[in-house]
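Reading through the C-alpha coordinates given below for one structure.
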Amino acid sequence: MNDWPDTAAPRPLWLVTLADLALLLVGFFVLIQATRAQPSALAHSLRAGFATDEPALPVAAEGVMGFAPGSAVVPDGGAAITAWARGVLADPRVSLTVTGATDGTAADVDGVTGSASLLAADRARAVAAILAPLAPRRITVSTASARARGVTVTLAFTGDHQDKKP
(Lines give C-alpha, C1' and ligand atoms only; values in the text may rest on other atoms or scores of the structure.)
Protein backbone atom coordinates (compact mmCIF):
# COMPACT_ATOMS: atom_id res chain seq x y z
CA MET A 1 0.00 0.00 0.00
CA ASN A 2 2.99 2.34 0.44
CA ASP A 3 4.04 3.88 -2.90
CA TRP A 4 7.21 5.45 -1.54
CA PRO A 5 10.43 3.43 -1.70
CA ASP A 6 12.18 2.56 1.50
CA THR A 7 14.90 5.07 2.40
CA ALA A 8 18.34 3.91 3.36
CA ALA A 9 19.30 4.32 6.96
CA PRO A 10 21.21 7.59 7.45
CA ARG A 11 24.91 7.43 8.16
CA PRO A 12 25.83 8.07 11.75
CA LEU A 13 26.99 11.60 12.48
CA TRP A 14 30.33 10.44 13.88
CA LEU A 15 31.19 8.94 10.48
CA VAL A 16 30.79 12.31 8.74
CA THR A 17 32.91 13.99 11.42
CA LEU A 18 35.57 11.30 11.06
CA ALA A 19 35.68 11.82 7.30
CA ASP A 20 36.09 15.60 7.78
CA LEU A 21 38.92 15.08 10.24
CA ALA A 22 40.63 12.60 7.92
CA LEU A 23 40.52 15.08 5.03
CA LEU A 24 41.93 17.83 7.25
CA LEU A 25 44.73 15.51 8.33
CA VAL A 26 45.57 14.64 4.72
CA GLY A 27 45.60 18.34 3.83
CA PHE A 28 47.91 19.05 6.76
CA PHE A 29 50.38 16.39 5.62
CA VAL A 30 50.29 17.74 2.07
CA LEU A 31 51.07 21.22 3.42
CA ILE A 32 53.98 19.87 5.47
CA GLN A 33 55.36 18.03 2.46
CA ALA A 34 55.05 21.15 0.30
CA THR A 35 56.99 23.26 2.80
CA ARG A 36 59.78 20.70 2.90
CA ALA A 37 60.10 20.64 -0.89
CA GLN A 38 60.21 24.37 -1.76
CA PRO A 39 59.33 26.69 1.12
CA SER A 40 59.86 29.88 -0.88
CA ALA A 41 57.59 28.66 -3.70
CA LEU A 42 54.88 27.81 -1.18
CA ALA A 43 55.18 31.21 0.49
CA HIS A 44 55.00 32.95 -2.88
CA SER A 45 51.90 31.02 -3.95
CA LEU A 46 50.16 31.65 -0.62
CA ARG A 47 50.98 35.35 -0.86
CA ALA A 48 49.65 35.45 -4.44
CA GLY A 49 46.51 33.58 -3.44
CA PHE A 50 45.67 36.02 -0.66
CA ALA A 51 47.02 39.13 -2.39
CA THR A 52 45.09 42.37 -2.22
CA ASP A 53 45.79 45.88 -3.40
CA GLU A 54 46.39 46.97 0.18
CA PRO A 55 49.64 46.23 1.98
CA ALA A 56 49.40 43.50 4.55
CA LEU A 57 49.68 43.92 8.28
CA PRO A 58 50.39 47.57 9.07
CA VAL A 59 52.87 47.60 11.94
CA ALA A 60 53.91 51.24 12.42
CA ALA A 61 52.85 54.73 11.45
CA GLU A 62 54.23 58.23 11.45
CA GLY A 63 52.53 61.48 10.57
CA VAL A 64 53.14 64.87 9.05
CA MET A 65 50.76 67.34 10.68
CA GLY A 66 50.53 71.09 10.63
CA PHE A 67 49.59 71.74 7.01
CA ALA A 68 48.14 75.20 6.51
CA PRO A 69 44.43 75.19 5.58
CA GLY A 70 44.10 74.74 1.83
CA SER A 71 47.82 74.07 1.37
CA ALA A 72 49.81 71.00 0.34
CA VAL A 73 53.20 72.50 1.25
CA VAL A 74 54.93 70.02 3.58
CA PRO A 75 55.77 71.59 6.96
CA ASP A 76 59.51 71.57 7.85
CA GLY A 77 60.30 70.32 4.34
CA GLY A 78 59.60 66.73 5.43
CA ALA A 79 62.87 66.31 7.32
CA ALA A 80 61.37 64.34 10.21
CA ILE A 81 59.36 61.94 8.03
CA THR A 82 62.36 61.41 5.73
CA ALA A 83 64.57 60.43 8.66
CA TRP A 84 61.94 57.99 9.95
CA ALA A 85 61.33 56.49 6.49
CA ARG A 86 65.04 56.09 5.80
CA GLY A 87 65.35 53.99 8.96
CA VAL A 88 62.36 51.73 8.32
CA LEU A 89 63.04 51.27 4.60
CA ALA A 90 66.44 49.78 5.40
CA ASP A 91 64.49 46.51 5.67
CA PRO A 92 63.63 45.45 2.08
CA ARG A 93 60.56 43.54 3.28
CA VAL A 94 58.51 46.62 4.17
CA SER A 95 56.49 49.11 2.16
CA LEU A 96 54.92 52.48 2.96
CA THR A 97 51.43 53.81 2.33
CA VAL A 98 51.17 57.60 2.28
CA THR A 99 47.62 58.72 3.12
CA GLY A 100 46.59 62.37 2.81
CA ALA A 101 43.65 63.93 4.62
CA THR A 102 41.84 67.23 5.20
CA ASP A 103 40.08 68.55 8.29
CA GLY A 104 36.65 68.72 6.64
CA THR A 105 36.19 72.48 6.95
CA ALA A 106 35.27 74.78 4.08
CA ALA A 107 38.70 76.43 4.29
CA ASP A 108 40.63 73.18 3.87
CA VAL A 109 39.97 72.51 0.19
CA ASP A 110 41.90 72.86 -3.05
CA GLY A 111 41.98 76.53 -4.03
CA VAL A 112 41.26 75.96 -7.72
CA THR A 113 38.65 73.20 -7.66
CA GLY A 114 37.20 73.53 -4.14
CA SER A 115 37.74 69.78 -3.64
CA ALA A 116 38.85 68.40 -0.27
CA SER A 117 39.71 65.06 -1.90
CA LEU A 118 42.03 66.71 -4.38
CA LEU A 119 43.81 68.60 -1.60
CA ALA A 120 44.20 65.35 0.39
CA ALA A 121 45.70 63.69 -2.69
CA ASP A 122 48.04 66.66 -3.22
CA ARG A 123 49.26 66.42 0.38
CA ALA A 124 49.89 62.69 0.04
CA ARG A 125 51.64 63.23 -3.29
CA ALA A 126 53.85 65.97 -1.82
CA VAL A 127 55.03 63.70 1.00
CA ALA A 128 55.42 60.75 -1.38
CA ALA A 129 57.59 62.92 -3.65
CA ILE A 130 59.90 63.61 -0.69
CA LEU A 131 60.08 59.88 0.19
CA ALA A 132 60.27 58.53 -3.38
CA PRO A 133 64.08 58.73 -3.72
CA LEU A 134 64.37 56.33 -0.77
CA ALA A 135 62.32 53.46 -2.28
CA PRO A 136 60.09 54.42 -5.22
CA ARG A 137 58.66 50.93 -5.81
CA ARG A 138 57.63 50.47 -2.19
CA ILE A 139 55.47 53.58 -1.72
CA THR A 140 51.72 53.72 -2.31
CA VAL A 141 49.63 56.92 -2.23
CA SER A 142 46.05 57.07 -0.96
CA THR A 143 43.54 59.44 0.63
CA ALA A 144 41.25 59.17 3.62
CA SER A 145 38.34 61.09 5.08
CA ALA A 146 40.14 61.86 8.33
CA ARG A 147 39.46 65.00 10.28
CA ALA A 148 43.01 66.31 10.41
CA ARG A 149 45.16 68.46 8.15
CA GLY A 150 47.94 65.99 7.62
CA VAL A 151 49.46 62.93 6.07
CA THR A 152 49.88 59.51 7.70
CA VAL A 153 52.69 57.25 6.54
CA THR A 154 51.96 53.62 7.42
CA LEU A 155 54.62 50.93 7.37
CA ALA A 156 53.54 47.40 6.46
CA PHE A 157 55.38 44.11 6.23
CA THR A 158 54.94 42.88 2.67
CA GLY A 159 57.53 40.11 2.55
CA ASP A 160 60.44 39.59 0.22
CA HIS A 161 60.19 41.48 -3.06
CA GLN A 162 61.00 39.85 -6.37
CA ASP A 163 63.35 42.53 -7.62
CA LYS A 164 65.19 43.23 -4.33
CA LYS A 165 65.67 46.84 -5.47
CA PRO A 166 64.39 49.69 -3.26
Legend entry - Steps toward side-chain contact (heavy atoms from CB on, under 4.5 Å) verdict (Leu96, Val88): CA-CA 9 Å; Leu96 299 178; Val88 298; 4.2 Å; yes
Inset, instruction - Please lay out, stage by stage, how Thr102 and Val109 fare under the test side-chain contact (heavy atoms from CB on, under 4.5 Å). - result: CA-CA 8 Å; Thr102 60; Val109 295; over 6 Å; no
Legend entry - Within one Ile-Leu-Val-Met-Phe-Trp-Tyr cluster: Val151 and Leu119, side-chain cutoff 4.5 Å: no
Inset, instruction - Could you list who else is in Trp14's hydrophobic cluster, with ILVMFWY side chains joined at under 4.5 Å, directly or through other members? - result: Leu15, Leu18
Inset, instruction - Identify the two heavy atoms, one from Ser117 and one from Thr143, that lie closest to each other, and give their separation to 0.1 Å. - result: O-CG2, 4.2 Å
Inset, instruction - Starting at CZ of Arg137, measure out to OG of Ser95 and round the result to the nearest 0.5 Å. - result: 14.5 Å
Legend entry - Minimum heavy-atom distance between Phe67 and Val73, given as atom pair plus value: CD2-O, 3.3 Å
Inset, instruction - Identify whether Val141 and Val64 are in the same connected component of the hydrophobic contact network (ILVMFWY, side-chain heavy atoms under 4.5 Å). - result: no
Inset, instruction - State which residues pass side chain to side chain donor-acceptor pair (under 3.5 Å) with Asp122; sequence neighbours excluded, sorted by chain then number. - result: none
Legend entry - Approximate separation, where rounding is to 0.5 Å, of Leu24 CG and Leu31 CG: 12.0 Å
Legend entry - Considering all heavy atoms, the nearest Ala144-Thr99 contact: CB-CG2, 3.5 Å
Legend entry - Closest heavy-atom pair and its distance - Thr97, Ser142: CG2-OG, 3.8 Å
Inset, instruction - For the pair Arg138 (side chain) and Leu89 (backbone), establish whether a donor and an acceptor sit closer than 3.5 Å, ignoring hydrogens and angles. - result: yes
Legend entry - Side-chain donor or acceptor of Asp103 paired with backbone N/O of Arg147 under 3.5 Å: no
Legend entry - Residue pair Asp108 / Pro69: nearest heavy atoms and the distance that separates them: OD1-CA, 3.6 Å
Legend entry - Sidechain-backbone polar pair: Asp91 side chain, Val94 backbone, donor-acceptor under 3.5 Å: no
Legend entry - Under 3.5 Å donor-acceptor, Arg149 side chain and Gly70 backbone: no
Legend entry - Validation row: Asp20, Val16 side chains within 4.5 angstrom (heavy atoms): yes
Inset, instruction - Would you name the heavy atoms of Thr152 and Met65 that are closest together and state the gap between them? - result: OG1-CE, 4.4 Å
Inset, instruction - Nearest 0.5 Å please: distance from the CD atom of Glu62 over to the CG atom of Leu155. - result: 11.0 Å
Contacts table for residues 79-86: side-chain donor-acceptor under 3.5 angstrom, sequence neighbours left out:
residue, atom, partner, partner atom, Å
Thr82, OG1, Gly78, O, 2.6

